[in-house]
Amino acid sequence: MRATAAVLLVLCLLTISHAWDCQEVVNIKNLMQIDAGLGQVVATDTSQIPYYLVGDKWIRLPGSLKHITVGPAGIWGVNKDYAIYKYVAGNWVQAAGLLKQLDAGGEQFILGANMNDTPYCLTSSATVGYKGPGSPLPWTGLPGAVKYYSCGPFGCWAVNKNDDIYLMSLNQDCQNKGWSHIDGKLSMIEVATDGSVFGVNSAGSVYTRDGITASKPEGTGWSNIPMCMLMGHVTYDLGRLWVVSKSAVTMVCTH
């Protein structure tokens, strides 16, 4: 059975569009979610074990997390009980509040969504300065309802329970002008630290947003990135597209 699966994976990789060269990540198995930013890569597996990539080795981090994120705001995560943690000096320090997903890719601020899809923002001063209990955590509620957030240098993207896509401009103090609706449908979305946007739809197809610039943060349209498997999660940083299939196979692709 394993030999058959290996042959199918090789055939699968050979069918991917020549525009992207994808290779299986063989030294980590059963990933559920992955996030890349500022040259760092973190992930959680189906057993909710968090990892940090060093060279070609995945180093197990302490604790148990269902979602982990890395970026200008540091390394943060949430567990199955929605408890929030920041990675400080080699250990997880719990932060007040409850979120099901959060993102550290903004300009040193944190954005996240709770169990009711209510979005929250933590200012950059509070995010960077958080050392543990006693540090201020002034969570700011944001308008709308979203299930998944991701931020970059030109704004924050999100999707709601209907897979509708939205874009918001936020500053480091969480001030904003509300959401702008973006065409298309995605079940999850990720923004790279260079502003690139990638996402996966409910059918497992991967897309990237074209034409994003500082003066046109909404971009111009979506382009499909052909994959030979149904994908469930995607992230991008420094020329590497990391994808996790719905069958928990992880690949890294270069353009």
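For clarity, every value in this text was computed on a predicted model and none was experimentally measured.
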Does Gln172 reach the main-chain N or O of Glu107 with its side chain, forming a donor-acceptor pair under 3.5 Å? yes
Ignoring hydrogens, what is the shortest heavy-atom contact between Ala95 and Leu137? Give both atom names and the distance. CB-CD1, 3.5 Å
I need the minimum non-hydrogen distance between Gly178 and Met168, along with the two atoms involved. O-CG, 3.7 Å
Is the shortest side-chain N to carboxylate O distance from Arg60 to Asp45 below 4.0 Å? no
Which pair of heavy atoms, one from Pro50 and one from Leu65, lies closest together, and at what distance? CB-CD1, 4.0 Å
Show your working on side chain to side chain contact (heavy atoms under 4.5 Å, CB included) between Met229 and Val244 and close with a plain yes or no. CA-CA 9 Å; Met229 299 180 183; Val244 179; over 6 Å; no
Membership question, hydrophobic clusters at under 4.5 Å side-chain separation (ILVMFWY): are Tyr148 and Met231 in the same one? yes
Go through the side-chain N and O atoms of Thr127 and Gln108 and say whether any donor and acceptor fall under 3.5 Å apart. no
Given side-chain hydrogen bond (donor to acceptor under 3.5 Å, both in side chains), test Tyr52 with Gln40 step by step and report yes or no. CA-CA 8 Å; Tyr52 183 94; Gln40 303 174 84; 2.9 Å; yes
When you measure from the side chain of Asp173 to the backbone of Gln175, do you find a donor-acceptor pair of N or O atoms at a distance under 3.5 Å? no
Start with the C-alpha gap between Trp179 and Leu167, add the side-chain angles, then the distance that decides, and say whether side chain to side chain contact (heavy atoms under 4.5 Å, CB included) holds. CA-CA 6 Å; Trp179 296 104; Leu167 172 63; 5.6 Å; no
Passes side chain to side chain contact (heavy atoms under 4.5 Å, CB included), Asn114 versus Tyr82? Steps please. CA-CA 8 Å; Asn114 71 5; Tyr82 310 112; over 6 Å; no
Heavy-atom distance under 4.5 Å between the side chains of Ile75 and Ile68, does that happen here? yes
Any chain of hydrophobic side-chain contacts (each under 4.5 Å) joining Val252 to Ile28? yes
Val234 with Val70, same ILVMFWY side-chain cluster at under 4.5 Å: no
Report yes if the side chains of Arg209 and Trp157 come closer than 4.5 Å at any heavy-atom pair, otherwise no. yes
In the structure I gave you, are the side-chain heavy atoms of Tyr166 and Ser180 within less than 4.5 Å of one another anywhere? no
Would you check if there is a donor-acceptor pair between the side chains of Asn30 and Ser47 at a distance under 3.5 Å? no
Is there a donor-acceptor contact under 3.5 Å linking the side chains of Tyr236 and Glu190? no
Close side-chain approach of Cys22 and Met227, heavy atoms under 4.5 Å: yes
Less than 4.5 Å apart, any side-chain heavy atom of Lys246 and any of His233? no
Report yes or no: does His67 contribute a side-chain atom to a donor-acceptor pair with the main-chain N or O of Gly77 at less than 3.5 Å? no
What is the distance from atom SG of Cys253 to atom CH2 of Trp242, rounded to the nearest 0.5 Å? 10.0 Å
Stepwise, does the side-chain hydrogen bond (donor to acceptor under 3.5 Å, both in side chains) test hold for Asp210 with Thr220? CA-CA 6 Å; Asp210 302 319; Thr220 56; 5.2 Å; no
Out of curiosity, Glu24 CD to Thr250 OG1, how far, rounded to the nearest 0.5 Å? 8.0 Å
Nearest-0.5 Å distance, CE of residue Met188 to CG of residue Leu186: 9.0 Å
Candidate pair Asp81 and Lys66, rule salt bridge (Lys or Arg N to Asp or Glu O under 4.0 Å), full reasoning: CA-CA 9 Å; Asp81 298 316; Lys66 70 172 186 177; over 6 Å; no
Note: Gly39 and Asp237 closest approach over all heavy atoms is N-OD2, 2.7 Å
Could you check whether the rings of Tyr130 and Trp76 sit parallel, tilted or perpendicular, using 30° and 60° as the cut-offs? tilted
If we only count heavy atoms from C-beta on, is the Tyr149 to Cys121 side-chain gap below 4.5 Å? no
So, Ser187 and Asp163: side-chain donor and acceptor under 3.5 Å apart, yes or no? no
Measuring only between side-chain heavy atoms, which start at C-beta, is Thr254 closer than 4.5 Å to Leu241? no
Between the side chains of Thr69 and Asp35, is a donor N or O closer than 3.5 angstrom to an acceptor N or O? yes
For Ala145 and Pro119, the nearest pair of non-hydrogen atoms, with its separation, is CA-CD, 4.4 Å
Flag for Asp21-Gln23: side-chain donor and acceptor within less than 3.5 Å: yes
Can we call the ring centroids of Phe109 and Trp139 under 6.0 Å apart? no
Using a 3.5 Å distance criterion without hydrogens, assess whether the side chain of His255 forms a donor-acceptor pair with backbone atoms of Ala19. yes
Should Leu31 and Leu53 be counted in the same cluster of Ile, Leu, Val, Met, Phe, Trp and Tyr side chains packed under 4.5 Å apart? yes
Backbone N/O of Ser169 and side chain of Asn176: donor-acceptor pair under 3.5 Å: no
Should Ile182 and Phe198 be regarded as members of a common hydrophobic cluster, given that ILVMFWY residues are connected when their side-chain heavy atoms come within less than 4.5 Å of each other, either directly or indirectly? yes
Give a yes or no on this: more than 12 heavy atoms of other residues, nucleotides or ligands lie within 6.0 Å of atom NZ of Lys80. no
Atom pair CG/CG of Leu238 and Asp194 - distance to nearest 0.5 Å: 7.5 Å
Residues Asn116 and Thr118: side-chain donor-acceptor under 3.5 angstrom: no
Evaluate side chain to side chain contact (heavy atoms under 4.5 Å, CB included) for Val41 paired with Trp58, printing each intermediate quantity in order. CA-CA 9 Å; Val41 183; Trp58 293 88; 3.7 Å; yes
Give a yes or no on whether a salt bridge exists between Asp164 and Lys185, defined as a side-chain N under 4.0 angstrom from a carboxylate O. yes
Taking all heavy atoms of Ala126 and all of Pro138, pick out the closest pair and write down the distance. CB-CD, 3.5 Å
For residues Ser64 and Asn79, determine if any side-chain heavy atom of one lies less than 4.5 Å from a side-chain heavy atom of the other. no
Leu61 CG to Tyr51 OH distance, which is reported to the nearest 0.5 Å: 9.5 Å
Does atom NZ (Lys131) have a neighbourhood of more than 12 heavy atoms from anything else shown, all under 6.0 Å? no
Would a distance-only check, ignoring hydrogens and angles, find a side-chain to backbone donor-acceptor pair under 3.5 Å from Ser245 to Val249? yes
Enter the distance from Ser247:OG to Leu230:CG here, rounded to the nearest 0.5 Å. 8.0 Å
